[in-house]
Amino acid sequence: MPAQREMKEKNPWHMPVTIIISVIGVIAIVALVTVAVLQNKPLHQKYKYGIVLDAGSSHTALYIYQWPAEKDNNTGRVEQTHSCKVKGKGISSYAADPWGAGESLTVCMQEAKQQVPVKRHHETPLYLGATAGMRLLNMENSSASDKVFEAVEQALQRFPFSYQGARILSGQEEGAFGWVTVNYLDDRLEQGLETTGALDLGGASTQISFVSDKYDGSESPSNSVTFRLYGNDYNLYTHSFLCYGKDQALRMALAYQTQLGPRTISDPCFHQGYNVSKEYSELYNSPCVSDRKPNGPPVTFNHQGMGNFQQCQEVVKRIFNLTSCKYSQCSFNGVFQPLLQGPFGAFSAYYFVMNFLNLTDTSTPLETVKDKLTQYCATSWAQIRLEHPNVKTKYLAEYCFSGTYILTLLTEGYNFTSESYSNINFIKKIKGSDAGWTLGYMLNLTNMIPAEAPDSPLLPHTGYVSIVTVMALLLFLLFILSLRPLWLRCSKRPQIV
Ligand SMILES: Nc1ncnc2c1ncn2[C@@H]1O[C@H](COP(=O)(O)OP(=O)(O)O)[C@@H](O)[C@H]1O
Ligand SMILES: [Ca+2]
């Protein structure tokens, strides 16, 4: 077999040294790529969790947030994974039964126990923040408010989480943390982009927060909050109007109409055919209206609807003081407000109401929005009920008032114009997380937003792996090429025949 022998001798791969070098080379390259891929591959994601209870005036909601365990300081990574609406009213309505307030939270807390992995329970911070309902109760009856907190605290401490306390947020905090949430979720803070203003409408208070270039905070320091986030300084204007949430605003509007204690009030903000007997003591049972209580009114009054948007707007305007202002410019009630600037996200009741009324599209001219609301308010109560059999009667009865209140607050109160109205976005969620103060509150308390921009890796993981792979291939090519001379030499060797 001389031909076969010749082949063997020509082929360098049959030389032991060449074979060993080749094998080692290939193993080295495979090892290099494998190590590069494995070392830099994100580990099987482990998450940390945080729980915030939003004890609002109308109801309490629980939110669970999660973020990758090894990257607390990274940006845009905290997201809402679960929410739970507590059955019944807000904790401030339990003044006469404080333990009931604590009890009311247990169903959602049980749910949280199921949602957060058991081994993370003990390290999961749990916060409760109360807003305007408890602010009002605290003003009215501070010992009742203390008792509610005591009961809530005891109920929450029974769960295996890391309880961090329950407290009333100031209006300023509520506004500022709502602004942080919206801008964090939009990745505006991390990237240093122009920020979005935040408009939050609750049941008992409402907040407006935005950055205005012309505003340095000196004209009204109590409306100013400064932040340094990701290496950028922000000078935020914020104001919270206590009693201007939509439920208390409705009380104030009704109080203006019942100041003389009539037995019947004809209310343009409710639909024609709506006729409900209500109690004076219930209407005036709030610090927002208690000083307007008529002397010796009858026990009840008939609340009758008239269904007239124009007249409703006149009634609503009466709850705003639009004349007194000791600053260069004001919103209402003598409160300083700089020039409106930039886009705004309007959430909570702004969204619920405008969404129900099909009016979330702000590219619709303001005049058309008013026309649609005029039509809606003029629809009879019987017809409205027929069209929306599954909507809670209390909400349904109030959407005409609420829509009118929102438009009046935005235009007469905050000075949005036909042009700037289109800068408002009515939103519920951003990237799966609810817009509201809770996320911003937790980010702040867990120091999850750094003051300075974190150092970012030179390359993202995929870039790193690609470069190593390309380099390994090049090395392999070089290696093969380096074998060429050996090859050629072998093929030129004198034949042994
Ligand atoms: N589906 C809905 N339709 C209309 N209004 C709603 C709906 N869901 C919630 N709301 C209202 O949103 C408001 C939420 O306020 P809340 O956060 O409880 O009060 P605050 O922030 O003033 O403490 C309440 O007025 C509540 O009635
Ligand atoms: Ca709220």
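Along the sequence shown, residues are numbered consecutively beginning with 1. Each ligand, and each atom within it, is numbered from 1 in the order the structure gives. Values below: all heavy atoms of this structure, side chains included; hydrogens, waters and symmetry mates excluded.
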Margin query: Angle between ring planes, Tyr414 versus Phe416, binned at 30° and 60°: parallel, tilted or perpendicular?
Written below: perpendicular
Notebook entry, point to check: Do we see a donor-acceptor contact under 3.5 Å between the side chains of Glu79 and Thr81?
Noted result: no
Checklist line | With Tyr327 via side chain to side chain donor-acceptor pair (under 3.5 Å) - residues at least two apart | finding: none
Note to self: Looking only at the side chains, is there a donor atom on one of Thr323 and Asn321 sitting less than 3.5 Å from an acceptor on the other?
What the structure shows: yes
Next item on the list: Can you tell me which residues line ligand 1 if we count any heavy atom under 4.0 angstrom from one of its atoms, in chain and number order?
Entry: Gly56, Ser57, Ser58, His59, Thr131, Ala132, Glu174, Gly202, Gly203, Ala204, Ser205, Lys246, Asp247, Ala349, Phe352, Tyr395, Tyr399
Notebook entry, point to check: Would a line drawn from the ring center of Phe301 to the ring center of Tyr280 be shorter than 6.0 Å?
Noted result: yes
Notebook entry, point to check: How are the rings of Phe356 and Tyr399 set to each other: parallel, tilted or perpendicular (split at 30° and 60°)?
Noted result: parallel
